[in-house]
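Before any comments, here is the structure.
Here is the naming used below: chain letters follow the sequence lines, and residue numbers restart at 1 for every chain.
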Number of protein chains: 2
Amino acid sequence: MQRSIRMKDVARAAGVSVMTVSRAFRADSSVKSNTRARIMKAADDLGYVFDSTAASLRSQRTDFVAVIIPSLNNANFAETVGGLSDGLAESGLQVLLGYTGYDIAAEERLVEQMLRRRPEAIVVTGGRHSDRTIRLLRAAGIPVVETWDLPDDPIDHVVGFSNAATTQVMVDHLVGVGYRRIAFIGGDRDGDTRGADRRRGFLAAMASHGLPVDRLVGAGDPPISMQHGADAMARLLDGLPETEAVICVSDLSAFGALAECQRRGLDVPGDIAIAGFGAYEIAGVCHPTLTTIDPQSRRIGARAAEVILGVLDAPGAPRRIAIDPRLIPGGTTRNA
Amino acid sequence: MQRSIRMKDVARAAGVSVMTVSRAFRADSSVKSNTRARIMKAADDLGYVFDSTAASLRSQRTDFVAVIIPSLNNANFAETVGGLSDGLAESGLQVLLGYTGYDIAAEERLVEQMLRRRPEAIVVTGGRHSDRTIRLLRAAGIPVVETWDLPDDPIDHVVGFSNAATTQVMVDHLVGVGYRRIAFIGGDRDGDTRGADRRRGFLAAMASHGLPVDRLVGAGDPPISMQHGADAMARLLDGLPETEAVICVSDLSAFGALAECQRRGLDVPGDIAIAGFGAYEIAGVCHPTLTTIDPQSRRIGARAAEVILGVLDAPGAPRRIAIDPRLIPGGTTRNA
DNA sequence: ACCGTTGATGATATCGATAACAATCGCTGT
DNA sequence: ACAGCGATTGTTATCGATATCATCAACGGT
């Protein structure tokens with residue numbers, strides 16, 4: 001544990017001052033190229049590893065952005081994080097990732113822990129948070145970006161879309177091709193606020209078409225998995241067999257529902273139609289392919305990165321970036 | 001941006017010294033309970049947020065563990081990270097996550113960046129790394145855990161299994177139930193070293209049964225997706241139609257292969273059998289269910305956490321923890 | 001009443017880098 | 001040869017917390 005090699009040691013070995021070593025370790029600064037080479041060689045020989053803790057304290061720059069998502073194991077959020085990472089990488093910003101398990105209280109703890117590390121900006125998922133979370137974020141003095149939602153009263157910046165409105169698009173589409181008895185499979189709890197918003201959108205859309213909303217199936221606690229979808233579909237088929245179409249809160253549950261139908265020998269979409277949400281890879285690979293909505297997960301991350309870089313460069317008014325999810329017709333619903 | 005509230009300010013407001021504030025913010029230390037309450041109230045009123053950068057520099061403790069995985073968007077690794085996080089949380093250790101995109105050079109950069117932040121320990125995926133990565137890790141002076149592999153000459157600690165040996169188990173199983181003309185669908189490149197090891201295991205196992213290995217299908221660059229699997233299966237069916245069974249490098253590609261068969265109206269396992277790897281959720285949900293191998297992803301993470309907590313508490317010899325993947329027979333292969 | 005002990009709090013130096021400013025070097029033009 | 005200027009390097013103070021040691025009050029046993 002003799003991690004006692006400091007810049008001072010490198011400086012001595014290279015015959016320069018610590019300040020010169022410090023400059024050599026940063027890209028921009030002016031150090032003669034053979035001095036830098038000598039320093040780097042000395043550092044390498046000594047096994048020196050730069051200490052960014054000390055650098056951060058003095059410079060008051062940590063060069064990372066905190067990103068909080070509900071779950072690691074979700075391709076949509078992973079894509080968003082990928083878009084963010086790539087977008088920020090060019091400016092030398094790293095992502096520090098945390099996940100909440102769809103728990104508002106966990107989000108609060110995580111936000112506080114993140115802020116203690118003094119990120120340059122913070123990205124959160126969704127537009128609903130605990131009061132204390134909102135207070136912490138407002139007071140943080142750094143850019144805050146809410147994603148995957150388009151709240152009316154954002155904390156600061158927003159990059160996302162309305163989950164409710166987007167679900168209405170799906171309902172409109174299904175009604176447009178002739179489905180009437182439409183069910184919704186989603187989470188029981190509101191821990192997944194985006195899921196809850198999709199259910200609200202479903203209810204509103206059905207009402208606007210004058211259709212009954214007597215086919216809401218609770219699938220359990222988030223995250224709603226494939227298995228949740230399969231189980232919910234089983235209950236739906238047993239309880240309300242005349243259902244014509246089912247909208248699922250995500251492609252994962254939609255695929256589970258599809259598999260349950262196949263297990264029972266039902267024809268999809270002949271006997272029952274299925275739609276999902278998220279444009280997960282499986283939607284395009286399974287047979288038949290899933291009718292779904294592409295929320296443009298990666299673009300959300302890329303845009304969020306642009307917002308962050310923009311306001312870090314030149315602070316300005318809160319930005320509101322609306323993403324346009326696209327409906328992707330698939331083989332699990334009829335097309336006309 | 002007046003994030004200028006420091007402990008000093010809280011101390012003044014609470015009428016105590018900074019040292020007492022510092023103690024109040026830590027769980028263990030001795031501060032009279034009403035003094036602590038007064039301090040906490042003052043901190044809250046002022047909107048003070050603890051600065052862990054400064055704390056880390058002085059105390060030389062960062063209380064986080066660096067974890068490097070190939071890809072965020074992979075349920076197996078997400079599970080491992082979940083197991084790690086949960087296991088470390090009790091000791092107040094946080095996970096700092098990085099991902100390499102299956103790129104050895106990216107791993108090297110990431111390892112260096114992580115070490116600059118002075119983690120308490122570091123977890124990497126796989127047992128093959130660049131020379132410089134190995135040198136950095138060996139010299140880091142902190143516990144290093146390699147996971148998802150069981151290398152002969154580990155850097156320090158290991159928690160994992162042999163990908164080659166595990167694939168042999170699958171081959172043995174398929175040969176045992178009568179399959180002979182067995183193909184393997186995997187990545188072209190060795191960027192995914194675990195995938196490459198599985199291919200090696202396949203070759204060795206086939207040879208040990210005296211079977212020809214003339215059915216290797218390259219699916220592309222990692223990460224091997226469902227679509228890769230579907231495309232590879234299409235080529236396999238077109239080129240080598242008498243194939244009896246296919247082992248895929250993961251359940252994702254296996255599912256893609258399955259979907260391709262269903263698209264062509266082939267019966268699985270009647271016309272052709274399919275096996276995967278990873279025990280992803282889809283393996284148990286799709287119809288028919290996939291024959292796969294459960295690598296016990298979460299347990300890998302949990303065990304790694306135990307190793308870390310153990311050696312941080314009492315340094316000792318490198319530990320080698322073998323995980324026992326289990327074969328899970330599914331509906332995509334016959335059982336006898 | 002004395003001394004030792006425990007519990008609570010304070011004063012000071014310090015972690016390892018960088019900001020800010022100072023000093024020097026090397027070259028150009030005249 | 002020398003002033004002038006940019007490029008390069010050095011000196012000193014400092015970021016915001018904690019380690020360490022010191023101090024002081026309260027208390028109990030003899």
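Comparing dT9(D), dC15(D), dC15(C) by their nearest atom to the side chain of Gln60(B) picks out dC15(C). The listed nucleotides are dG10(D), dA17(C), dC15(C); the one nearest the side chain of Thr20(A) is dG10(D). Nearest nucleotide to the side chain of Val16(A), out of dA17(C), dG10(D), dT9(D): dG10(D). Set against dT9(C), dG10(C), dT9(D), the side chain of Lys32(B) has dT9(C) as its closest nucleotide. Of the listed nucleotides (dA17(C), dG16(D), dA17(D)), dA17(C) has the atom at the smallest distance from the side chain of Met7(A).
One interatomic measurement links the two molecules: CG of Asn34(B) to C1' of dT9(C), which rounds to 13 Å at whole-angstrom precision. As rounded to whole Å, 9 Å separates atom C1' of dG16(C) from atom CZ of Phe50(A). Across the protein-nucleic acid pair, Arg6(A) atom CZ and dG16(C) atom P stand 5 Å apart, rounded to whole Å. Following rounding to the nearest Å, Asp9(B) (CG) and dG16(D) (C1') show an atom-to-atom distance of 11 Å. As rounded to whole Å, 14 Å separates atom P of dA11(C) from atom NZ of Lys8(B). Ile5(A) has its CD1 atom 16 Å from the P atom of dC15(C), to the nearest Å.
For the residue pair Thr53(B) / Ser56(B), no side-chain donor-acceptor distance below 3.5 Å is found, with atom types taken as modelled. No hydrogens or angles considered: a donor-acceptor pair under 3.5 Å links the side chains of Ser85(B) and Tyr99(A).
Taken from CZ in Arg23(B) to NZ in Lys32(B), the straight-line distance is 14.5 Å, to the nearest 0.5 Å.
A donor-acceptor distance shorter than 3.5 angstrom exists from the side chain of His129(A) to the backbone of Gly126(A), with no hydrogens or angles considered.
In this structure, Glu120(A) has no salt bridge (Lys or Arg N to Asp or Glu O under 4.0 Å) partners at least two apart in sequence or on a different chain.
A close approach under 4.0 Å does occur between a side-chain nitrogen or oxygen of Tyr48(B) and OP1 or OP2 of dA17(D). For the pair Thr35(B) and dT9(C), the criterion of a side-chain N or O lying under 4.0 Å from OP1 or OP2 is met.
Between Arg38(B) and Ala54(B), the residue anchored nearer the 5' end of DNA chain C, judged by the nucleotide with its closest heavy atom, is Arg38(B).
In the displayed structure, Asn34(A) atom CG is contacted under 6.0 Å by more than 12 heavy atoms of other residues, nucleotides or ligands.
Using a 4.0 Å heavy-atom distance criterion, Val18(A) is classed as making no nucleic acid contact.
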Give me the distances for all protein-to-nucleotides 19-23 of chain C N/O pairs that come in under 3.5 Å?
unit_1: dA19(C); atom_1: OP2; unit_2: Arg26(A); atom_2: NH1; d: 2.9
unit_1: dA19(C); atom_1: O4'; unit_2: Arg58(A); atom_2: NH2; d: 3.3

Can you give the donor-acceptor pairs under 3.5 Å from side chains of residues 73-84 of chain B to other protein atoms, not counting sequence neighbours?
unit_1: Asn74(B); atom_1: OD1; unit_2: Asn76(B); atom_2: N; d: 2.8
unit_1: Asn74(B); atom_1: OD1; unit_2: Phe77(B); atom_2: N; d: 3.2
unit_1: Asn74(B); atom_1: OD1; unit_2: Tyr280(B); atom_2: OH; d: 3.3
unit_1: Asn74(B); atom_1: ND2; unit_2: Tyr280(B); atom_2: OH; d: 3.1
unit_1: Asn76(B); atom_1: OD1; unit_2: Tyr280(B); atom_2: OH; d: 3.4
unit_1: Asn76(B); atom_1: ND2; unit_2: Gly278(B); atom_2: O; d: 3.1
unit_1: Asn76(B); atom_1: ND2; unit_2: Ser297(B); atom_2: OG; d: 3.4
unit_1: Glu79(B); atom_1: OE1; unit_2: Arg298(B); atom_2: NE; d: 3.2
unit_1: Thr80(B); atom_1: OG1; unit_2: Asn76(B); atom_2: O; d: 3.3
unit_1: Thr80(B); atom_1: OG1; unit_2: Trp148(B); atom_2: NE1; d: 3.0
unit_1: Thr80(B); atom_1: OG1; unit_2: Ser297(B); atom_2: O; d: 2.8

